[in-house]
Amino acid sequence: MLRLGVLALLLANVLYFVWSHGFLAGLGLQPADPSESQRLLQQIQPERMRIEPAGRARPASGPGSASLSQAFTGQQDPMAPVSSEATACVQLGPFDDAQLASLAPRLEAALPAGSWTVASQPEPARWVVYMGRYTDPELLARKRAELRQRGIAFDAVNVPALSPGLSLGRFATEAAADQALAKISTRGVRTAKVVQERPETRSHRITFAQLSPDGQALLERVRAGVDTRPMQGCTEPLAVAKVDPRQP
C-alpha cells in the first residue's frame, strides 16, 4: 500500500508539471495566463506616455493661464495649497462712502470675486466750539494771539465749509460742546459758537486675506489715483458688518 501511495503522489506531481507548463494546451487544458497580456491590446497610444519627475509644475493650459486669481493667492497650481509664507493679509482704508464708491468698481473689474471684503463701522457726528471764518489773515493771526494770551488751547479747522477757522474743542455730542462753550465764555471769549464739524458717517476698510507679492503690485496699480496711503497689515476690525460697496 505504501508503494502505491508513493507512485500516486509521484504521478500527480508529473501531471501537475505537465499541465502547469502548458504541455496539455492542445487538449484545452492549461492554467490562466497571469500576465494578462490581453490588456496590452486595450492601450490607447501608449507611446505618448511620459513619466515626469515628482514636483514638476504642470504646464499652463493657455496664454492666459497666469490669471489674476493666481496673483492674489500666490498659487501657480489651482490644486496646490496656498503657502502662508508667500501671501500676506493686507488692508486699505479707512474710506468714507464717497471714497469707497470710487474705488470699489475698480476692484470689482480687476480682481477675482471673493478676493477682498469690506468691513464698516459707524463714525459718530462731531461737534466743535468754533471761531471763524477768518478770510482776513491778519484777523486770524490776531485771534490766535488773543487765545494764547488767555491760555486757551486751539487748533485749525480743516473742514472746507469752516476753514479758515479755529477749534477750541471737539465733542461727540452737541450738549457736551455747549457745556464747553459756557466754560470758555467765562474766560472772555465772546465770538465762539457751537457748530457741527461733521455729520454721522460710516468708515470702511477693505481686506485682502491672502495677497501675494505680485498681487500687491497689481493692487497698487488698481488703486492709483484713488488711494495713495500705504497698505497696512491686517488688524482686528472694530466692526465686522459687511456691506455692499455699491450701496449708498
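This is a predicted model, so every value here is computed, not measured.
- Contact annotation: the side chain of W127 never approaches that of V195 to less than 4.5 Å [non-hydrogen atoms, C-beta and beyond].
- Judged by the 6.0 Å distance and 45° axis criteria, R202 is not positioned over the aromatic ring of F95.
- Through direct or indirect side-chain contacts shorter than 4.5 Å among Ile, Leu, Val, Met, Phe, Trp and Tyr, L9 is connected to no other residue.
- Residues D155 and L168 are not in side-chain contact: their nearest non-hydrogen atoms beyond the backbone lie 4.5 Å or more apart.
- No side-chain heavy atom of M231 sits under 4.5 Å from any side-chain heavy atom of F208.
- Judged as a side chain to side chain donor-acceptor pair (under 3.5 Å), and not counting sequence neighbours, R190 has no contacts.
- By the 4.5 Å heavy-atom criterion applied to side chains, L92 and D227 are counted as neighbours.
- For the side-chain contact (heavy atoms from CB on, under 4.5 Å) test, residues two or more places apart in sequence or in another chain that qualify with V226 are S102, L103, R106.
- With values rounded to the nearest 0.5 angstrom, R205 atom CZ is found 12.5 Å from T117 atom OG1.
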Side-chain donor/acceptor pairs under 3.5 Å, residues 173-186, sequence neighbours excluded:
residue: T173; atom: OG1; partner: A176; partner atom: N; Å: 3.2
residue: S185; atom: OG; partner: L181; partner atom: O; Å: 2.8
residue: T186; atom: OG1; partner: K183; partner atom: O; Å: 2.5

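- E146 meets the side chain to side chain donor-acceptor pair (under 3.5 Å) test with no other residue; sequence neighbours excluded.
- Closest non-hydrogen pair, V157 versus L166, comes out as CG2-C, 3.7 Å.
- Evaluation of the side chain to side chain donor-acceptor pair (under 3.5 Å) rule for T207 yields Q91 as partners, not counting sequence neighbours.
- The line from NE2 of H204 to CG of L100 is 5.0 Å long, rounded to the nearest 0.5 Å.
- Listed by first then second residue, pairs satisfying disulfide bond (SG atoms under 2.5 Å apart) with a partner in residues 88-150 read C89-C234, not counting sequence neighbours.
- For residues 4-16, no pair satisfies salt bridge (Lys or Arg N to Asp or Glu O under 4.0 Å), with sequence neighbours left out.
- Applying the side-chain contact (heavy atoms from CB on, under 4.5 Å) rule to R221 yields the partners A217, L218; only residues at least two apart in sequence or on another chain are considered.
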List, one per line, each side-chain donor-acceptor pair under 3.5 Å for residues 133-140, sequence neighbours excluded.
residue: R133; atom: NE; partner: S163; partner atom: O; Å: 3.0
residue: R133; atom: NH2; partner: S163; partner atom: O; Å: 3.0
residue: D136; atom: OD1; partner: E138; partner atom: N; Å: 3.1

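- With sequence neighbours excluded, the residues satisfying side-chain contact (heavy atoms from CB on, under 4.5 Å) with R126 are R170, E197, R198.
- Contact check for W116 versus L111: side-chain heavy atoms found under the 4.5 Å cut-off.
- Proximity of V128 to F171: side-chain heavy atoms (C-beta onward) are nowhere separated by under 4.5 Å.
- Applying the side chain to side chain donor-acceptor pair (under 3.5 Å) criterion to E220, with sequence neighbours excluded, gives R223.
- Residues L107 and P105 form no side-chain contact, since every pair of their non-hydrogen atoms from C-beta on lies 4.5 Å or further apart.
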